[in-house]
Amino acid sequence: MDYKKLANLLFPNVTETVDALEKKYPKRNLEEGAIVTRFAPSPTGIDVHFGHLFNCFIASTVAHQSNGVYYLRIEDTDQKRKVEGAVETIIKTLNTFNINFDEGRTIDGNDFGNYGPYKQSERKNIYQAVAKMLVENGLAYPCFCKEEDLNKIRSYQKEHKLTHIGYYGEFAKCRNLTYEEIEENIKNGKKWVLRFKCSAKPGDRMSYDDYIKGVIEQDANINDVIIIKEDGLPPYNFAHVCDDHFMRTNMVMRGEEYSGVSTTEHIQLFNACGFEVPRYAHNPYILKLDPETGNAVKLSKSKHREASVSFYLRDGYPVDAVVDYMYLLANSDFEKWREENPTSPVSEYTLKISNLSKSGSVFDIDKLNNISKNRMALKTATQVYEETYAWANEHNKEWAELLNKHKDFAIKMFNIDRETAKPRKDITTYLKTIELYNYFFNEYFYNFNIENFALDESFNNYENVENVLKEYLNSYNENLSHEDWFAKIKEFSSKIGYATDNKEYKKNPEKYLGNVANVCGIIRVAITSQNKTPDLYEICKLLGKEELENRINYFLEILKNK
Ligand code: GLU
């Protein structure tokens, strides 16, 4: 067959050539070892999976560590599954976690970089030029099979228990159409797709050296896969090959779901086009231990809330904590580095691909919470304030309003037990600050009812409680030092029947109403509603004597009427 004639019949209007494209998108001038990689999301949803974020984190980090390029390409050739706003959300989400691109599409739909357009639906001319070249070289052909024809082939293959189900070899009947038949079909307006003429046969094996997983040997693709759909656009496979070639990607980093037979298909396509095959790096799935079976399963949006990046945003995990956690998921020695360098920027740590788990890292929310507490403890009160306020502005208006209205007070509040050698490690998320600190604000405190107060047996006898609190108010003076303040508490405690010496109390508990710890506990709960708080002395100082009195009266009132 005259393939050149066939190519012109199929693509009469395509004047673009592969040679011209090679010149238009020249090889990048980068130093040896520089990695050029990309994030290539399909805009089919607005909730980014944590696995995607993790992949992006790995790819952007290794690209930047190597002085390479990390770019964003929007893979929207599946026009039916396109979701409005998805691109913008993806970019915004990644930027939030400090993942930035050197080239690609921006939120406002513009491109930056010399290898664009960075949106596949705008690259039809490129795909068609390469497709036309494949037809000219006898490596692709039009297929007029309809859904029912394909179903028939599949049923036959299943009935005869063939190991391979698909459009290949003797089943690829459109491979054998003559030029005249093709011309006739086209004249009659028959719809066609373009298929790749695959030379692999059932049983053929292929191997490739995955940058993360090492050498992978496996069955080769044998199907004559579709490379141009009826609408003239390619499916993902062929678009990937053309784009990664002309965008001069040298490392395709992506999720594990593309490893295996898909990759063999992609390599076959690269070879057929005469393009250099990039290195592949498939990131294993993030796993999660199933508490019931103890087995590691894929972190999945339908089962685990941590699988959605929106979870971290909604709950307000500090970005630096999530980033630190991703480093840890990637390289377990990061933990030691972080211990030794608690305040260093992560960019000083070198991420090592060779240390990535080949079978998948196991996600552990407790670990993230722990990292988060440590990161938060290192922040200044003003930082905590600013970050919490920024989060609240988007996720909890009521909290944002209070923080804004009482800004100075809130900074002082966050400063209690902070900016010291041993800062308090209580905040895991900005959301948690509401639960931990709401009582500081009168707007919350005076709406509490008795169920909100963490009462224990110390509160069983109203008179004793009243006694403690009245004595406290009498003894309280805003100018007392921490030591003197505590000495006063001890003084009145002993006067009203509480032990001040714990050893003595342990020996003869029946002689006392309780000990000083119980006294402090009563004061703490009355003033804050909680039994665990930052330093009580500091809280009292911040609230001031008048407010202490109001709070104590309020508490006694509701305790009495309980
Ligand atoms: N568009 C594909 C996806 O969203 C990208 C796969 C790749 O990175 O090669 O999963």
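Numbering of residues begins at 1 and proceeds along the displayed sequence. Numbering of ligands and ligand atoms starts at 1, following listing order. Fair warning: this is a prediction, and the values are worked out from it, not measured in the lab.
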**Q.** side chain to side chain donor-acceptor pair (under 3.5 Å) pairs, two or more places apart, involving residues 129-141
**A.** Asn8-Lys132, Tyr141-Asp224
Q) Under 30°, 30 to 60°, or over 60°: which ring-plane class applies to Tyr156 and Phe171, parallel, tilted or perpendicular? A) tilted
Q: Decide yes or no on salt bridge (Lys or Arg N to Asp or Glu O under 4.0 Å) for Asp111 and Lys119, but give the supporting numbers first.
A: CA-CA 9 Å; Asp111 276 343; Lys119 195 178 191 182; over 6 Å; no
Q.
Distance under 4.0 Å, heavy atoms only, partner ligand 1: which residues pass?
A. Arg38, Ala40, Pro41, Ser42, Glu75, Tyr236, Arg254, Tyr258
(Q) For Ser42 and Thr44, which I'm curious about, is there any donor-acceptor pair between the side chains at under 3.5 Å? (A) no
**Q.** salt bridge (Lys or Arg N to Asp or Glu O under 4.0 Å) between Lys5 and Glu183, intermediate numbers included
**A.** CA-CA 10 Å; Lys5 200 164 147 205; Glu183 193 179 36; over 6 Å; no
(Q) I'd like to know if Lys336 and Glu340 make a salt bridge, using a cut-off of under 4.0 Å between side-chain N and carboxylate O. (A) yes
